[in-house]
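Below is one structure; the comments refer to it alone.
Numbers here simply count residues along the sequence, with the first being 1.
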Amino acid sequence: MNPPSRPGTVLLTDYAWPDDSVERSVIEQAGHTLVTGPAEPADAEAIEELVAEHRPAGILTCWAPVSATAIDTSPDLRIVARLGVGLDNIAVDAATERGVWVTNVPDYCVEEVSDHAVGMVLAWTRGLAVFDREVRAGRWDPASARLRRLSTLTCGVVGFGRIGRATARKLGAFGCRILAHDPHAPKDTPGVEMVDLEELLRRSDVVILHVPLTPGTHHIIGTEQLALMQPGGLLVNVSRGGLVDTDAVIKALDSGHLDSAAFDVLETEPHVPAGLSAQPGALLTPHVAFSSDASVTELRRRAAEEVVRILAGEAPAHACNSPRGLTAGPRDQR
């Protein structure tokens with residue numbers, strides 16, 4: 001580890017909550033200065049300008065892109081801490097080459113995201129969103145119900161990390177068959193059948209995505225994969241929008257091959273493609289699966305604490321890289 005640095009500046013690039021009070025409290029109590037960017041995430045060039053202006057020792061980022069240029073711009077930079085789990089908005093390789101830590105908070109919203117996924121499945125099997133819209137429009141037609149018994153269905157979970165395992169556990173309580181796919185699956189998976197992706201798609205009535213967005217998982221669900229799915233099934237994405245080819249999903253909904261798509265994330269967010277929003281079988285929420293009062297407070301505190309640890313010369317709790325010339329030490333829990 002590097003020796004502790006002098007009190008420095010920490011840049012909060014953006015935030016998805018009303019203020020920066022939690023982050024400010026943690027950072028300033030440690031003797032550092034917090035500089036806050038705009039709440040709405042700015043583009044890469046604007047973040048690079050903020051970094052050039054303030055030369056931070058630490059960066060906290062929610063959605064805003066932290067580019068290789070931004071990382072190279074501040075000579076004092078020691079850490080880029082993600083206020084979240086995924087790292088697709090951070091130039092991790094550039095940070096690693098520069099000897100800069102990248103961290104995240106991988107387990108703060110396990111219950112919330114898995115609850116959201118299960119809630120979307122229940123909304124589909126019981127017709128909750130559809131019938132709410134119908135009743136509000138003045139149509140009271142219980143005879144039109146074409147509902148499903150969840151315990152008779154097969155649910156496929158793609159990605160069997162913390163959140164995938166929680167989703168499988170919760171769905172299993174409803175009595176449905178659980179399939180899962182993960183190239184790094186644990187050996188002991190009671191009540192869950194581990195299969196390859198193609199078999200999962202062929203056998204599942206419901207497919208739920210719980211994988212990070214990487215070059216290898218971009219559009220992991222496209223035309224070919226949708227064609228393998230059971231006719232009349234449900235696709236749930238609560239991970240990253242780029243996992244799914246949205247145009248292919250719209251065509252599958254149009255044809256009736258896919259009955260519903262429940263998305264908390266979109267590749268084009270916050271823009272919602274007109275072809276998707278027009279689909280009666282689409283259930284859409286605005287990237288809130290991670291959110292609850294408890295999870296957001298925990299996320300903000302723990303991300304800020306990672307910055308304080310690194311600037312104090314300690315090892316990170318959740319290192320996401322191995323920076324050149326540095327070692328994580330005993331705290332590394334990857």
Side-chain angles (χ1 to χ4, degrees), residues 12-27 34 36 38-41 60-64 81-90 103-126 128-129 132 150 155 157-174 206 208-213 234-241 243 261-266 269-270 272 282-308 317-318 320 333:
L12 174 62
T13 62
D14 62 302
Y15 50 97
W17 27 87
D19 57 46
D20 64 2
S21 59
V22 174
E23 297 85 353
R24 186 169 298 280
S25 175
V26 173
I27 297 300
L34 183 72
T36 303
E40 292 293 323
L60 281 160
T61 186
C62 188
W63 306 120
R82 173 78 211 289
L83 286 148
V85 181
L87 303 173
D88 44 291
N89 62 320
I90 300 172
T103 65
N104 68 352
V105 189
D107 54 353
Y108 79 98
C109 61
V110 170
E111 299 304 326
E112 285 78 7
V113 176
S114 57
D115 284 353
H116 207 86
V118 173
M120 285 176 151
V121 175
L122 289 171
W124 177 64
T125 59
R126 303 311 306 153
L128 300 181
D132 175 74
L150 181 52
C155 296
V157 179
V158 182
F160 208 60
R162 294 178 181 90
I163 299 174
R165 292 195 296 270
T167 296
R169 170 175 52 82
K170 292 170 184 179
L171 284 172
F174 288 94
V206 175
I208 303 170
L209 303 181
H210 284 311
V211 295
L213 179 60
L234 165 68
L235 175 65
V236 177
N237 186 10
V238 289
S239 295
R240 284 290 186 268
L243 299 174
F263 291 167
D264 182 59
V265 290
L266 296 172
E269 62 185 62
V272 181
L283 176 61
L284 307 173
T285 57
H287 206 146
V288 293
F290 70 93
S291 183
S292 74
D293 290 346
S295 69
V296 170
T297 299
E298 179 183 348
L299 167 67
R300 298 167 67 185
R301 174 182 56 78
R302 289 174 59 190
E305 287 172 349
E306 282 282 54
V307 173
V308 169
H318 295 290
C320 298
Q333 298 174 12

_Students often mix this up, so state it plainly: with edges at 30° and 60°, are the rings of Trp63 and His287 parallel, tilted or perpendicular?_
tilted
*Are any non-hydrogen side-chain atoms of Thr36 and Leu34 less than 4.5 angstrom apart?*
yes
*Taking the side chain as every heavy atom from C-beta outward, state whether Val206 and Trp124 have any atom pair closer than 4.5 Å.*
yes
*Applying side chain to side chain contact (heavy atoms under 4.5 Å, CB included) between Met120 and each of Thr285, Leu234, Leu128, report the one that passes.*
Thr285
Working to the nearest 0.5 Å, report the span between [atom1] of [X] and [atom2] of [Y].
X: Ser292; Y: Asp115; atom1: OG; atom2: CG; result: 9.0 Å
X: Asp14; Y: Asn89; atom1: CG; atom2: CG; result: 8.0 Å
X: Glu23; Y: Trp17; atom1: CD; atom2: CH2; result: 6.0 Å
X: Ile208; Y: Leu171; atom1: CD1; atom2: CG; result: 5.0 Å
X: Asp264; Y: Leu209; atom1: CG; atom2: CG; result: 12.0 Å
X: Leu83; Y: Arg300; atom1: CG; atom2: CZ; result: 8.5 Å

For [Y], is there any backbone N or O sitting under 3.5 Å from a side-chain donor or acceptor partner on [X]?
X: Ser295; Y: Cys109; result: no
X: Ser114; Y: Glu111; result: yes
X: Arg82; Y: Gly86; result: yes
X: Thr125; Y: Leu122; result: yes
X: Thr297; Y: Asp293; result: yes

Nearest non-hydrogen partners of [X] and [Y], listed with the distance:
X: Ala304; Y: Ile27; value: O-CD1, 3.9 Å
X: Leu299; Y: Tyr108; value: CB-CD1, 3.5 Å
X: Cys155; Y: Leu150; value: SG-CD1, 4.2 Å
X: Leu283; Y: Ala123; value: CD2-CB, 3.9 Å
X: Val265; Y: Ser239; value: CG1-O, 3.7 Å
X: Glu306; Y: Ala317; value: OE1-N, 2.8 Å

*asked:* Under 4.0 Å between a side-chain nitrogen and a carboxylate oxygen: does that hold for Glu112 and Arg162?
replied: no
*Note: Glu269-Arg240 ion pair, threshold 4.0 Å (strictly below)*: no
*asked:* Please determine whether side-chain contact (heavy atoms from CB on, under 4.5 Å) holds for the pair Arg302 and Asp107, giving the CA-CA distance in whole Å, both sets of side-chain angles, and the decisive distance to 0.1 Å.
replied: CA-CA 11 Å; Arg302 289 174 59 190; Asp107 54 353; 2.7 Å; yes
*Just do the side-chain contact (heavy atoms from CB on, under 4.5 Å) check on Phe174 and Val118 with the steps written out, would you?*
CA-CA 10 Å; Phe174 288 94; Val118 173; 4.1 Å; yes
